[in-house]
J.: 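Here you go, one structure.
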Amino acid sequence: RSEALFGVKAGVRSSRFGAFGRLRPGLVHFHGAPQAIACVAILVYPPPLECAISTGKTNFALDLGGGIEVFPSRWSVARIDLGDTMIRFDGPALTKQGAFTRDFNVHNFQINVGFGIRF
């Protein structure tokens, strides 16, 4: 899959700490399967989500999150980032969260930890 998200990141920062939030709307494109896959969509209603997106699909996405940064020295940074990338799907579909007959959102919670060198 490919994502294209554009938006704002804003926050406050001192010489030792920083905190920020972000809001990024965009699109997520699911590429079609490279070869035919066997789907039991004819026998199951609603069809599994994997079958619905196997031909390729582009969906609206929204990334909402924030984090904190610590600057232990002038040249280093440590960061923790929490976020939820919400993807909007067209119904009907069967997912691990249940059966949806209308449009629905799937949440993808993420935690990222990073360390870096500033220059």
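Small disclaimer: the values here were computed from a predicted structure and weren't measured.
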J.: Using 0.5 Å steps for rounding, measure from the CZ atom of F109 to the CD1 atom of I111.
T.: 4.5 Å

J.: State, to 0.1 Å, how close A78 and P72 come at their nearest heavy-atom pair, and which atoms those are.
T.: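 Closest approach of A78 to P72: N-CD, 4.4 Å.
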
J.: Between R118 and S76, is a side chain to side chain contact (heavy atoms under 4.5 Å, CB included) present by the stated rule, with each step listed?
T.: CA-CA 5 Å; R118 298 170 52 188; S76 62; over 6 Å; no

J.: Got a sec, which residues hit side chain to side chain contact (heavy atoms under 4.5 Å, CB included) with A99, two or more places apart in sequence or on another chain?
T.: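 Testing A99 for side chain to side chain contact (heavy atoms under 4.5 Å, CB included), a comparison that skips the adjacent residues, returns P46, L94.
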
J.: Check the pair L64, M86 against side chain to side chain contact (heavy atoms under 4.5 Å, CB included), reporting the backbone distance first and the verdict last.
T.: CA-CA 8 Å; L64 181 63; M86 297 161 269; 3.9 Å; yes

J.: Please give the remaining members of the hydrophobic cluster of L27, linking ILVMFWY side chains under 4.5 Å, ordered by chain and number.
T.: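 Listed partners: none, L27 stands alone.
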
J.: Can you name the side chain to side chain donor-acceptor pair (under 3.5 Å) partners of S15, sequence neighbours left out?
T.: none

J.: Is the backbone N or O of V70 less than 3.5 Å from a side-chain atom of R16, with the two atoms forming a donor-acceptor pair by type?
T.: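 The answer is no, because no donor-acceptor pair under 3.5 Å joins these two groups.
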
J.: Using a 6.0 Å cut-off, check whether atom CZ of R74 has over 12 heavy atoms from anything other than its own residue.
T.: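 Not buried by this count: 12 neighbours or fewer within 6.0 Å.
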
J.: List the steps, then state whether side chain to side chain contact (heavy atoms under 4.5 Å, CB included) holds for L62 with D84.
T.: CA-CA 8 Å; L62 179 67; D84 185 12; over 6 Å; no

J.: Is there a side chain to side chain contact (heavy atoms under 4.5 Å, CB included) between F71 and R13? Walk through the geometry before answering.
T.: CA-CA 10 Å; F71 309 105; R13 189 163 136 179; 3.7 Å; yes

J.: Within this structure, what is the CG-CZ distance for the pair N105 and R88, rounded to the nearest 0.5 Å?
T.: 4.5 Å

J.: Hey, does the Lys NZ or Arg CZ of R24 hover above the aromatic six-ring of F6, less than 6.0 Å from the centre and inside 45° of the axis?
T.: no

J.: From T85 OG1 over to D63 CG, what is the distance, rounded to the nearest 0.5 angstrom?
T.: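 Separation between the atoms: 4.0 Å.
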
J.: Identify, with sequence neighbours excluded, every residue that meets salt bridge (charged side-chain N to carboxylate O under 4.0 Å, His left out) alongside K57.
T.: D90

J.: What residues join I53 in its hydrophobic cluster, counting side-chain heavy atom gaps under 4.5 Å, either direct or through other members?
T.: V28, F30, L49, I87, F89, F100, F104, V106

J.: What residues form a salt bridge (charged side-chain N to carboxylate O under 4.0 Å, His left out) with D81, not counting sequence neighbours?
T.: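 Salt bridge (charged side-chain N to carboxylate O under 4.0 Å, His left out) check on D81 returns R22, R79.
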
J.: Could you tell me if H29 and T58 have a donor-acceptor pair between their side chains, going purely by distance under 3.5 Å?
T.: yes

J.: Using 0.5 Å steps for rounding, measure from the CG atom of N59 to the CD atom of E3.
T.: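 Nearest 0.5 Å value for the CG-CD distance: 11.5 Å.
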
J.: Looking at every non-hydrogen atom in both residues, tell me the closest pair between P25 and G7 and how far apart they are.
T.: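 Answer, listing the atom of P25 first, then G7: CD-CA, 4.4 Å.
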
